[in-house]
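Accompanying notes for the structure given below.
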Amino acid sequence: MARVVIVGASTGGLPMAYDIRKALSQDHEVTVVSNTAEFQFVPSNPWVAVGWRKPEDITFPLEPALVRKGIDFIHCAARHINAEHNQLLLSDGRVLDYDYLVLATGPKLTFDEVEGLGPNGGFTNSICTTGHAIKAFDQWQTFCERPGHTVVGAVQGVSCFGPAYEFAMIMDKDLRKRKLRDRVPMTFITPEPYIGHMGLGGVGDSKTLLESEFRQRHINWICNAKVTRITSEAIYVDELDAQGALLKQHELPNTFSMLMPPFKGVDLYDDAPQGLVNPRGFVQVDAFNRNPVFPNIYALGVGIAIPPLEATPVPVGVPKTGLMIEGMVTAICANIKAETEGREPQEQATWNTICLADMGDTGVAFVALPQLPPRNVTWARKGKWVHLAKVAFEKYFLHNMKNGNAEPVYQKYILKMLGIARIRSDEKK
Ligand SMILES: Cc1cc2nc3c(=O)[nH]c(=O)nc-3n(C[C@H](O)[C@H](O)[C@H](O)COP(=O)(O)OP(=O)(O)OC[C@H]3O[C@@H](n4cnc5c(N)ncnc54)[C@H](O)[C@@H]3O)c2cc1C
């Protein structure tokens, strides 16, 4: 009998729990530990922030969904990993023994890396959690009563750019719907060396495509941007040149702003044993998504360590997106099952990017196979169908999660929809 403990129950952790429960016989135990009682569909947060979704549309309680599937649920934060003794300590003092630990803890949002950043004690909004998006919607409504200049984008060190682009376009669309767009100058700021880089060196002609979209929507931009400080009145930005030297300093009015923060590993890893995490607290994994030092600890999702693609004048990280996360779930599930049957882990996740970026009424689909260049498949296409596909994905994924079904949506449907029959094994990590 094996005890599998999964920490985190979001985009990565919840499908992981359903998948492993289905793969293992009932004499094995599966337990989920989550510091949130609800599942939140993170990709819909930008819609919550402009009131296009209510929080209850994109959240549901975890416990009944998990218990129905024979999975134990503990609503509590994991506080310490005693990897030598295969024990997980919880913040309420409980100790869980495990044979396999799966870490799906996502990122810690490090607003404190820039003075004045963030919704709690700072002067910018966030859409990273549904709670942040609810707060942003409050401010958005106030802003729409007295419109002014908006700033959207990402600060130095960010690895997740898609939501920033999406939110800029969604704000633009929402303002046009309200007939307020003519009263709102918009500036997009980003550490990326060019628009559409996204931490991936661009995807297809994402540069031209997104620049053109920004031009058509009258969204100005500043690349190689380093935010030095934020006050309630202004956002101070150093714009660097390609060599990293100061090109220009900007002082942008801060009436309504949303800036993505840099990520690091969550607090659980502050006292992690040597070799579990890298210096920024991301879990180190091998080709089979296992930690090399503690091979019965697996990890997936935004919380794992991936080195940056290339040196850029202002640091940017590599994003971890849905298809990659789905691939990691599939691989870990197969590997733990193999281990319980006395076989060696063999399954590797495909590290590829497919991103459906919503733009309010239209959208852009990005495909990067494999994720980092040079690639076998790389393209970006715009169309209304992307917006519709994203809405369909939201409904389908939420339906599956509520009903305990973790079928790989990207592999089964989205790759086919995009005309990509399958991902070759040599495109694996
Ligand atoms: C606003 C936004 C929109 C995005 N949109 C897309 C998109 O459209 N497509 C796409 O491919 N990717 C998207 N992403 C990127 C990525 O797919 C998501 O961030 C995804 O939710 C990451 O999943 P995860 O499970 O790794 O981490 P998370 O979703 O962050 O989940 C981690 C969970 O672990 C819990 N946790 C953390 N520490 C502990 C602890 N000590 N004990 C117990 N529980 C703990 C957290 O509370 C959280 O519930 C988006 C990201 C953001 C921020």
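Counting starts at 1 for both ligands and their atoms, following the listed order.
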Could you please spell out the steps behind the side-chain contact (heavy atoms from CB on, under 4.5 Å) verdict for Y236 and V227? CA-CA 6 Å; Y236 297 87; V227 179; over 6 Å; no

Would you mind listing which atoms of ligand 1 come within a distance below 4.0 Å of any non-hydrogen atom of S34? 43 (C), 44 (N)

Going by the atom numbers of ligand 1, which of them fall below 4.0 Å from some non-hydrogen atom of A104? 32 (C), 33 (C), 34 (O)

Given the rule in the salt bridge (Lys or Arg N to Asp or Glu O under 4.0 Å) test, do E213 and R217 qualify, once you have shown the distances and angles that lead to the verdict? CA-CA 6 Å; E213 202 58 39; R217 293 171 186 247; 2.9 Å; yes

Pair T340-H28, side-chain donor/acceptor within less than 3.5 Å: no

Tell me: protein heavy atom nearest atom 14 (N) of ligand 1, and distance? C160 SG, 4.6 Å

Applying a strict 4.0 Å limit to heavy atoms, is A77 in contact with ligand 1? yes

The protein heavy atom nearest to atom 1 (C) of ligand 1 is I127 O, 3.3 Å

Nearest-option assignment for atom 11 (O) of ligand 1, heavy atoms, candidates C128, S10, G322: G322

of all protein heavy atoms, closest to atom 16 (C) of ligand 1 is K320 O, 3.7 Å

For E310 and H197: C-alpha separation, side-chain torsions, deciding distance, then whether side chain to side chain donor-acceptor pair (under 3.5 Å) applies. CA-CA 11 Å; E310 59 191 354; H197 179 282; 2.6 Å; yes

Could you tell me whether H399 and Y396 have their ring centroids closer than 6.0 angstrom? no

Under 3.5 Å, is there a donor-acceptor pair between the Y165 and T190 side chains? no

Looking only at protein heavy atoms, which one is nearest to atom 37 (C) of ligand 1, and how far off is it? T105 O, 3.2 Å

Between the candidates T11, L300, T353, which shows the shortest non-hydrogen contact distance to atom 21 (O) of ligand 1? T11

Using a 4.0 Å heavy-atom cut-off, which part of D267 comes near ligand 1: side chain, backbone, both, or neither? neither

Mind running salt bridge (Lys or Arg N to Asp or Glu O under 4.0 Å) on E113 and R280 for me, showing each step along the way? CA-CA 13 Å; E113 291 187 11; R280 268 194 79 81; 3.0 Å; yes

Check L101, N82, L103 against L88 for a side chain to side chain contact (heavy atoms under 4.5 Å, CB included) and give me the one that passes. L101

Could you list the atoms of ligand 1 found under 4.0 angstrom from a heavy atom of G301? 26 (O)

closest protein heavy atom to atom 3 (C) of ligand 1 is P163 CG, 3.4 Å

Near-ring test W140/F143, centroid separation under 6.0 angstrom: yes

Start with the C-alpha gap between E166 and K390, add the side-chain angles, then the distance that decides, and say whether salt bridge (Lys or Arg N to Asp or Glu O under 4.0 Å) holds. CA-CA 12 Å; E166 282 192 315; K390 185 123 194 183; 2.8 Å; yes

What is the closest protein heavy atom to atom 35 (C) of ligand 1, and at what distance does it sit? N35 OD1, 3.4 Å

Per-atom contacts, ligand 1 versus T36 - under 4.0 Å to a heavy atom: 47 (O), 49 (O)

Under the criterion side-chain contact (heavy atoms from CB on, under 4.5 Å), I'd like the reasoning laid out for V151 against F188: C-alpha separation, chi angles, the key distance, then a yes or no. CA-CA 6 Å; V151 179; F188 187 85; over 6 Å; no

Return the closest protein heavy atom for atom 25 (O) of ligand 1 as residue, atom name and distance. G12 N, 2.9 Å

Would you say ligand 1 has an N or O under 3.5 Å from any N or O of V42? no

For V302, the ligand 1 atoms with a heavy-atom partner under 4.0 Å come out as 19 (O), 22 (C), 26 (O)

Non-hydrogen atom of G162 closer than 4.0 Å to ligand 1: no

Give the residue and atom name of whichever protein heavy atom lies nearest to atom 41 (N) of ligand 1, and the separation in Å to one decimal. A78 O, 3.0 Å

Of H132, M16, K390, the one whose closest heavy atom lies nearest atom 8 (O) of ligand 1 is K390

Check each atom of ligand 1 against the heavy atoms of P107 and keep those under 4.0 Å away; list them by number with element. 30 (O)

Heavy-atom contacts with I325 under 4.0 Å: which atoms of ligand 1 show up? List them by number with element. 17 (O), 22 (C), 23 (O)

Checking N86 against N296 for the side chain to side chain donor-acceptor pair (under 3.5 Å) test, could you report, in this order, the C-alpha distance in whole Å, the side-chain angles of both residues, the deciding distance, and whether it holds? CA-CA 9 Å; N86 297 328; N296 63 338; 2.9 Å; yes

Please walk me through it: do R53 and D57 pass salt bridge (Lys or Arg N to Asp or Glu O under 4.0 Å)? CA-CA 6 Å; R53 290 288 184 283; D57 298 335; 5.3 Å; no

